[in-house]
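In what follows, a single structure is set out as C-alpha cells and then discussed.
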Amino acid sequence: MLDPQLLRAELQNTADKLAQRGYPLDTVQWEQLEVSRKNIQIETEALQSQRTKISKSIGQAKAKGEDIQPLLDQVANMGEKLEQSKDLLKSTLAKMEEVTLYTPNLADDSVPVGVDEDDNVKVSTWGEPKVFDFKVKDHVELGDIKQGLDAESAANLSGSRFTLLSGEMAQLHRALAQFMLDKHTREHGYKEYYVPYMVNAETMQGSGQLPKFSDDAFITEDDRYLIPTAEVPLTNLVADTIIDESDLPIKMTAHTPCFRREAGSYGKDTKGMIRQHQFDKVEMVQIVHPEHSSEALEEMTSHAEAILQALELPYRKIILCTGDMGFSASKTYDLEVWLPAQDTYREISSCSNCTDFQARRMQARFRATNVKKPQLVHTLNGSGLAVGRTLIAVMENYQNDDGSISVPKVLQTYMGGKTLLNQG
RNA sequence: GGAGAGAUGGCAGAGCGGUUGAAUGCACUGGUCUUGAAAACCAGCAUACGUUAAUAGCGUAUCCAGGGUUCGAAUCCCUGUCUCUCCGCCA
C-alpha cells in the first residue's frame with residue numbers, strides 16, 4: 001500500500017508516477033471518494049459521540065434514581081441514523097481500499113522509465129561465456145543422457161510443468177541449495193529459517209500477492225495458499241510487530257519449494273525445467289531501517305552475485321524498468337545467468353527493495369530511541385538463487401563433449417568429492 | 001477424530017451491562033534520596049484513524065476476529081480462528 005498522504009497531498013504527481021508503471025489511477029474518482037469519506041466520517045463520529053454522551057448520562061440518571069425516559073426519547077431515533085451513517089462510511093472505505101490494495105508501489109527515482117522488458121537496462125556483466133569446441137546440448141538433452149531429469153515420469157505423476165530428478169542430478173540439486181544456504185548464513189550474515197509452505201490469505205495480502213494476483217497461487221481446500229516464494233512467510237514474520245531499532249537490520253534466509261500456477265504463461269518455456277509449477281529457491285529477506293534500504297538492495301544483490309561468482313557462472317545484472325517491475329517493488333535488479341544452449345542470459349535471481357509498501361500492509365514497524373512514534377520498516381527480498389535454474393545453468397555451462405558434467409569446485413565437497421557426473 | 005477449558009495493555013493478572021482505555025503487580029522512562037548502586041518514595045508510560053499548521057487540543061475506534069441483543073457491551077448471545085488439557089490416531 002502507498003502512503004495515504006501521497007494520495008491526498010500529491011495526488012496528481014502520484015498518479016503520474018503510477019502511470020509510468022502502466023497503472024492508471026482514476027484521480028477524479030479518487031478525489032470524489034476522498035471528499036465523501038471526509039464528510040461521512042465527520043458526521044458519523046459526531047453522531048457516535050452524541051449518543052455515547054447521552055448513554056452515559058442515562059447510566060448516571062439511573063444511578064441517582066431519576067427519570068430516564070426523556071433521555072431515552074432523545075436517543076430514540078439516533079440509532080438508525082448512526083447505523084445508516086456507519087454503513088455509508090463502511091462502503092466508502094471499502095471502495096477506497098479496493099483502489100489502494102490494487103495499486104502498485106511507486107518506482108524509485110533511479111529506475112529507468114519504460115514499458116516492458118525491452119526497456120530494462122543492463123548494469124554490468126560478470127564472467128566470459130565459455131567457448132565450446134563441440135555442439136552444446138541443452139539441459140533437457142543432458143538430463144536425458146544422464147537419466148537424471150525425468151519430465152515424463154513427472155508428467156505421469158502430476159501433469160505438465162513438473163520435474164523429477166534422480167541420482168546425481170537430485171544430489172546436485174541438493175548440493176546447490178546447501179551451498180547457497182551455507183554461504184548466506186556463514187558469510188553474508190543471514191539467519192536460517194524453516195518455514196510453513198502454506199500460509200493464510202492475510203499473509204499473502206501482507207506481502208502483496210493478494211488480492212490482485214490470486215490467479216497465480218495454488219489454494220487448498222481449507223483456504224490456505226501454497227507459497228509462491230519464501231518471501232511470503234519470511235517477510236510476514238514481522239507483520240504486526242514493533243521492532244526495536246537496535247535489532248535492525250534483520251536478515252533471513254530459507255530454502256523452500258515455491259508453487260506457482262503460471263496462469264497466462266501457456267506455451268512459454270514449456271520445454272525443460274525453466275518454468276515449473278514447483279521449484280526450489282533459496283530466498284533472502286531483509287527488514288531494514290528506511291534510511292538504509294537503498295544500500296541494502298545493493299548489498300543483497302551482491303550476495304546473490306556471490307553465489308554465481310563462486311559457481312563461476314557468467315551472468316549479467318540488469319535493472320528493471322518501471323513497466324517491468326513487480327507489484328510491491330520500488331526498485332529491482334535481475335541477475336541473468338548465461339545459458340549456452342539458448343545462447344542467451346536467463347533470469348536466475350530477482351532482488352527488490354519494497355520500501356514501506358509491504359510494511360504498511362503488514363503493519364511492520366520499528367521504534368527509534370529518539371522518536372516516540374513507531375515508523376514503518378523497509379522490506380527487501382531477493383533470490384539467492386533459484387535452485388532449479390541454477391542446476392540448469394551448471395549442467396549447461398559445465399557440460400563436456402561426451403555428455404558428462406563437471407562439478408563446480410565449490411560443490412565438490414557437497415558431492416562427496418565427485419568431480420564428474422556421468423553415472424546417472 | 002471425540003470431550004473439556006480458555007483468549008484482557010510489553011509481561012502477569014482483576015474486571016455486578018452504565019461515569020472502564022480498562023484496577024493491581026512487574027518491566028520500562030524521568031525525578032527525589034544516596035559517595036555510587038540497590039531499596040524506598042513521586043511522576044509518566046498503548047496504538048490507529050479523523051480533524052488540524054501541529055508529533056497541541058478535540059473526536060472516533062481498539063479487551064482474539066466477525067456478526068447480534070441493548071439507549072449503552074471487555075462484560076450477554078451466535079459464528080469463526082487460535083491456545084491448552086484428556087482420550088484416540090500418527091511421521
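Hydrogens, waters and symmetry mates play no part in the numbers below; they use all other heavy atoms, side chains included. Chain letters run A, B, ... following the sequence lines, proteins first and then strands; every chain starts at 1.
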Would you please say whether a donor-acceptor pair under 3.5 Å links the side chains of [X] and [Y]?
X        : Y        : result
A:Ser153 : A:Asn156 : no
A:Asn105 : A:Ser330 : no
A:Tyr190 : A:Gln286 : yes
A:Asn353 : A:Thr355 : no

Atom pairs under 3.5 Å, N or O on each side, protein against nucleotides 55-66 of chain B: can you list them with distances?
{"unit_1": "B:G59", "atom_1": "O3'", "unit_2": "A:Ser49", "atom_2": "OG", "d": "3.1"}
{"unit_1": "B:G59", "atom_1": "N2", "unit_2": "A:Glu45", "atom_2": "OE1", "d": "3.2"}
{"unit_1": "B:U60", "atom_1": "OP1", "unit_2": "A:Ser49", "atom_2": "OG", "d": "3.1"}

[X], nearest nucleotide to its side chain (from [options]):
X       : options             : answer
A:Ser55 : B:U47, B:G18, B:U19 : B:G18
A:Val75 : B:A46, B:G21, B:C71 : B:C71
A:Arg51 : B:G72, B:G21, B:U47 : B:G72

Is there a Watson-Crick or G-U wobble partner for [N] with both distances under 3.5 Å, and which nucleotide is it?
N     : value
B:G30 : B:C42
B:A91 : none
B:A3  : B:U85
B:A14 : none
B:C49 : B:G59
B:G80 : B:C64
B:G21 : none
B:A74 : none

I'd like the [atom1] distance from [M] over to [N], given in whole Å.
N     : M     : atom1 : answer
B:C11 : B:A23 : P     : 16 Å
B:U55 : B:A48 : P     : 12 Å
B:G18 : B:C77 : P     : 16 Å
B:A22 : B:U60 : P     : 13 Å
B:U83 : B:G25 : P     : 33 Å
B:U47 : B:G10 : P     : 9 Å
B:A74 : B:G17 : P     : 13 Å
B:U81 : B:C89 : C1'   : 24 Å

(request) Can you check whether any acceptor in the base of B:G18 is under 3.5 Å from a donor in the side chain of A:Lys62, or vice versa? (result)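 Yes, a donor-acceptor pair under 3.5 Å.
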
Starting from [atom2] on [N], measure out to [atom1] on [X] and report it in whole angstrom.
X        : N     : atom1 : atom2 : answer
A:Asp247 : B:G10 : CG    : P     : 17 Å
A:Leu47  : B:C71 : CG    : C1'   : 14 Å
A:Asp67  : B:C71 : CG    : P     : 16 Å
A:Asp244 : B:A27 : CG    : P     : 19 Å
A:Glu66  : B:U19 : CD    : P     : 17 Å
A:Leu72  : B:U70 : CG    : C1'   : 11 Å
A:Glu202 : B:C82 : CD    : C1'   : 12 Å
A:Glu83  : B:G68 : CD    : C1'   : 11 Å

(message) Base, sugar-phosphate or nothing for A:Ile54? Non-hydrogen atoms, less than 4.0 Å.
(response)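 Contact class for A:Ile54: none.
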
Hey, does the side chain of [X] reach the backbone of [Y] with a donor-acceptor pair shorter than 3.5 angstrom?
X        : Y        : answer
A:Arg51  : A:Met78  : no
A:Arg361 : A:Leu2   : no
A:Ser328 : A:Ser207 : yes
A:Thr220 : A:Arg224 : yes

(request) Ignoring backbone atoms, test whether A:Lys38 places a side-chain nitrogen or oxygen under 4.0 Å from the OP1 or OP2 oxygen of B:U52. (result)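 Answer yes for this pair, as a side-chain N or O of A:Lys38 is under 4.0 Å from OP1 or OP2.
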
(request) State whether A:Arg37 places a side-chain N or O below 4.0 Å from either non-bridging phosphate oxygen (OP1 or OP2) of B:G50. (result)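 So the side chain of A:Arg37 is outside the cut-off, no N or O lying under 4.0 Å from OP1 or OP2 of B:G50.
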
(request) Please figure out whether A:Arg224 or A:Ile242 has its closest RNA chain B nucleotide nearer the 5' end. (result)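 Per heavy-atom nearest nucleotide, the more 5' residue is A:Ile242.
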
(message) Can you tell me which residue among A:Gln342, A:Lys271, A:Gln399 is in a side-chain hydrogen bond (donor to acceptor under 3.5 Å, both in side chains) with A:Asp138?
(response)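 Exactly one candidate clears the test, A:Lys271.
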
(request) State the CD-OH distance between A:Gln309 and A:Tyr315, to the nearest 0.5 angstrom. (result)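 Going from CD on A:Gln309 over to OH on A:Tyr315, the span is 4.0 Å.
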
